[in-house]
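Reviewing the structure listed below.
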Amino acid sequence: MSTAPATHEVDPAVRRVRHQARDAAVLMSFSLAMSLLFALAFLLLAGLGR
């Protein structure tokens, strides 16, 4: 049996770093999706232009 408390308080600095890391991952995912979308759109336009 553990003597640790049931609730685990996270330091606000750690929470802030995790939040920033999650925001960075979301931004990178969005950037990747937009890059792929534009690349596919340009490939489609190039294919239709032949």
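- Under the 4.5 Å side-chain heavy-atom criterion for grouping Ile, Leu, Val, Met, Phe, Trp and Tyr, M34 is not connected to L27 through any hydrophobic cluster.
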Table please: side-chain donor-acceptor pairs of residues 18-25 below 3.5 Å, with sequence neighbours left out.
{"from": "H19", "atom 1": "ND1", "to": "R22", "atom 2": "NH2", "distance (Å)": "2.6"}
{"from": "H19", "atom 1": "NE2", "to": "D23", "atom 2": "OD2", "distance (Å)": "3.3"}

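- Annotation: the span from L48 atom CG to L43 atom CG amounts to 11.0 Å, rounded to 0.5 Å.
- A single hydrophobic cluster is seen to contain both L45 and F38, as judged by linkage of ILVMFWY side chains at heavy-atom distances under 4.5 Å, directly or through other members.
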